[in-house]
Q: 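A single structure is presented below for examination.
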There are 2 protein chains.
Amino acid sequence: MYTNYLGELSKSLLFDNIQREHLADLLGCLKPTISSYKKNDYLIIADEEFKSLGIVLKGRVAVFKDNAAGRRVMISLLSKGDMFGEMLAFSKQKKWPATVEAQENCEILFLAKEKIIDECRNVCPWHKTLIENMLRIISERALMLNKRVEYLSITGMRGKISTFLLEQFKEAGTPTFTLPMNRNDLASYLNVSRPSMSREMSKMRDEGVIDFHLSSVKILNPEALRGMVE
Amino acid sequence: MYTNYLGELSKSLLFDNIQREHLADLLGCLKPTISSYKKNDYLIIADEEFKSLGIVLKGRVAVFKDNAAGRRVMISLLSKGDMFGEMLAFSKQKKWPATVEAQENCEILFLAKEKIIDECRNVCPWHKTLIENMLRIISERALMLNKRVEYLSITGMRGKISTFLLEQFKEAGTPTFTLPMNRNDLASYLNVSRPSMSREMSKMRDEGVIDFHLSSVKILNPEALRGMVE
DNA sequence: AGTGTTCTGTAGCCACGGCTACAAAAAATA
DNA sequence: TATTTTTTGTAGCCGTGGCTACAGAACACT
């Protein structure tokens with residue numbers, strides 16, 4: 001059944017640190033179901049009852065959210081190895097907050113939420129690793145969201161740009177580094193418009209604080225940049 | 001040692017569904033440490049190595065973050081029963097991202113991160129409940145952050161206000177309901193300025209879409225409100 | 001090299017919303 | 001009831017940044 005996918009699954013974060021040969025045992029204990037979907041099929045419709053979390057085995061799926069006006073906004077695009085619904089599995093929330101749609105023909109593994117914690121704690125030693133992985137995945141996602149909120153809470157284009165660049169600078173260690181996204185993605189990450197962001201970056205270049213060409217950026221005056229944070 | 005606090009701890013979310021009489025056993029197995037701090041003492045300084053998560057037993061503590069410009073911003077204010085550092089305990093991140101300071105004289109229980117998962121899985125049956133609680137707490141926090149990001153990503157005052165009111169409306173079930181925060185808190189939750197928000201709400205009242213007096217709000221025209229979401 | 005596609009920088013217009021300031025209402029304290 | 005403190009509504013000023021539009025650069029594809 002899922003034997004074809006053992007190799008793929010063992011690369012997934014949820015099954016990290018679990019040997020491929022033990023994975024089969026663990027799956028035997030988790031008893032997942034596998035479903036196939038055709039392009040444009042809905043895997044999940046918002047407000048449906050949550051029963052199990054999903055892992056993409058093959059193909060790509062899109063997570064959407066319909067806002068109150070009825071327009072659908074894409075939240076994320078998932079492919080092989082990615083998981084969805086992991087936060088719902090452990091919260092009190094009972095309904096899916098989003099809609100999930102197949103972008104291509106795909107196969108999805110579903111894991112019932114009760115199986116993840118409740119079963120075979122003593123019998124199956126890999127379960128402990130599974131729980132650890134789950135805690136790590138959710139915690140890390142929460143930390144990412146936290147950082148995102150920080151960026152979004154900054155008022156002012158300058159503040160956002162300089163905070164972001166300083167963080168990249170700190171991470172890279174060197175004053176010259178490559179941006180991890182293109183202008184469009186960066187703009188929507190910071191929730192500003194792309195042209196406005198470009199305009200401001202150019203101003204900052206004119207002022208001699210930074211220099212850049214496409215995705216390559218150089219911090220010329222870190223102190224001045226820090227002064228622009230607020 | 002912590003026997004004085006058993007009653008308090010059993011009310012904490014982390015120890016939910018654990019009988020007070022079993023809590024003592026569990027704590028014996030978790031081997032927490034308890035420290036006292038005076039007003040203005042630092043419990044944690046940002047960038048220190050993370051070793052254990054904390055639970056406030058007595059007093060109040062403030063979580064701060066210093067932005068790149070050096071200005072400190074309060075993230076949250078914690079009191080009896082509140083926990084901090086729970087996301088760090090399970091992520092790969094090794095350093096505290098924030099500073100924690102005592103607002104009053106207080107007592108804090110610290111729980112080493114290894115103890116939470118690694119120990120006594122088979123011996124101590126309450127451990128399973130503890131892990132479940134932890135997963136629930138972190139998942140719920142992630143969901144809250146997710147919702148926060150959604151609000152912050154809405155461009156336009158109208159969009160934010162109407163989305164928020166529609167959500168409250170849905171939650172309440174009735175067109176008349178009470179706002180869960182005052183204007184200041186709501187404004188900073190939506191990351192807008194308080195006067196601008198008030199101005200826009202008044203406009204919406206003039207247009208006959210909503211009515212309100214202080215914290216009491218009435219939705220007069222839900223359809224029109226939905227049209228303002230984007 | 002040639003073509004189409006995506007990405008980036010730049011310009012100009014103008015509305016949204018931030019900010020300060022103040023007064024009235026409500027709530028807390030005495 | 002009187003007094004202080006907090007919360008809320010309103011006004012006016014004006015800068016920030018969103019938006020459309022376009023041209024040139026970079027990239028992908030053949």
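Just so we're clear, the structure is a prediction, and the values are computed from it rather than from any experiment. All values below were derived from every heavy atom in this structure, side-chain atoms included, with hydrogens, water molecules and symmetry-related copies excluded. Labels below follow one simple rule: chain letters A, B, ... track the order of the sequence lines, proteins then strands, and each chain is numbered from 1.
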Q: Between CG of L166(A) and CZ of F169(A), what distance do you get to the nearest 0.5 Å?
A: 7.5 Å
Q: Under 3.5 Å, is there any donor-acceptor pair linking the side chain of R199(B) to the base of dG18(C)?
A: yes
Q: May I have the distance from E200(B) (atom CD) to dT8(D) (atom C1'), rounded to whole angstrom?
A: 17 Å
Q: Whole angstrom is fine here: how far is it from CE in M197(A) over to P in dT20(D)?
A: 17 Å
Q: Compare the minimum distances between each of dT20(C), dG9(D), dG17(D) and the side chain of P195(B), then state the nucleotide with the smallest one.
A: dT20(C)
Q: Nearest-Å distance, CG (L179(B)) to C1' (dT8(D))?
A: 12 Å
Q: Check the distance between dC19(D)'s C1' and R183(A)'s CZ and give it to me in whole angstrom.
A: 19 Å
Q: Closer than 4.0 angstrom, basic N to acidic O: yes or no for E200(B) and K160(B)?
A: no
Q: Within less than 4.0 Å of OP1 or OP2 of dA25(C), is there a side-chain N or O belonging to H213(B)?
A: no
Q: Which nucleotide in the set dT8(D), dC19(D), dG9(C) lies at the smallest distance from any side-chain heavy atom of S198(A)?
A: dG9(C)
Q: Side-chain N or O of R205(A) versus OP1/OP2 of dT10(C): is the shortest distance under 4.0 Å?
A: yes
Q: Rounded to the Å, how far apart are K203(A) NZ and dT10(C) P?
A: 13 Å
Q: Walk me through whether L214(A) and L179(A) qualify under side-chain contact (heavy atoms from CB on, under 4.5 Å).
A: CA-CA 9 Å; L214(A) 301 177; L179(A) 292 176; over 6 Å; no
Q: For the pair made of CE in M201(B) and C1' in dG17(C), what is the distance, rounded to whole Å?
A: 16 Å
Q: Nearest to the M157(B) side chain among dG17(C), dT10(D), dT7(D), which nucleotide is it?
A: dG17(C)
Q: Classify the side chain of R194(B) versus the base of dG9(D) as yes if they form a donor-acceptor pair under 3.5 Å and no if they do not.
A: yes
Q: Which part of the nucleic acid, if any, lies within reach of R158(B) when heavy atoms closer than 4.0 Å are counted: base, sugar-phosphate only, or nothing?
A: nothing
Q: Is there a side-chain contact between E167(A) and K170(A) in this structure, where contact means two heavy atoms from C-beta onward sitting under 4.5 Å apart?
A: no
Q: Does S202(B) or S193(A) map to a spot on DNA chain D nearer the 5' end, using the closest nucleotide for each?
A: S202(B)
Q: Going by ring pair (Phe, Tyr, Trp, His ring centres under 6.0 Å), F50(B) matches just one of W96(B), F90(B), F84(B). Which one?
A: W96(B)
Q: Taking CG from L214(A) and P from dG24(D), how many angstroms apart are they, rounded to a whole number?
A: 17 Å
Q: Could you pick out which residue, T155(A) or M181(A), lies toward the 5' side of DNA chain C when each is mapped onto its nearest nucleotide?
A: M181(A)
Q: Check the distance between dC19(D)'s P and N191(A)'s CG and give it to me in whole angstrom.
A: 10 Å
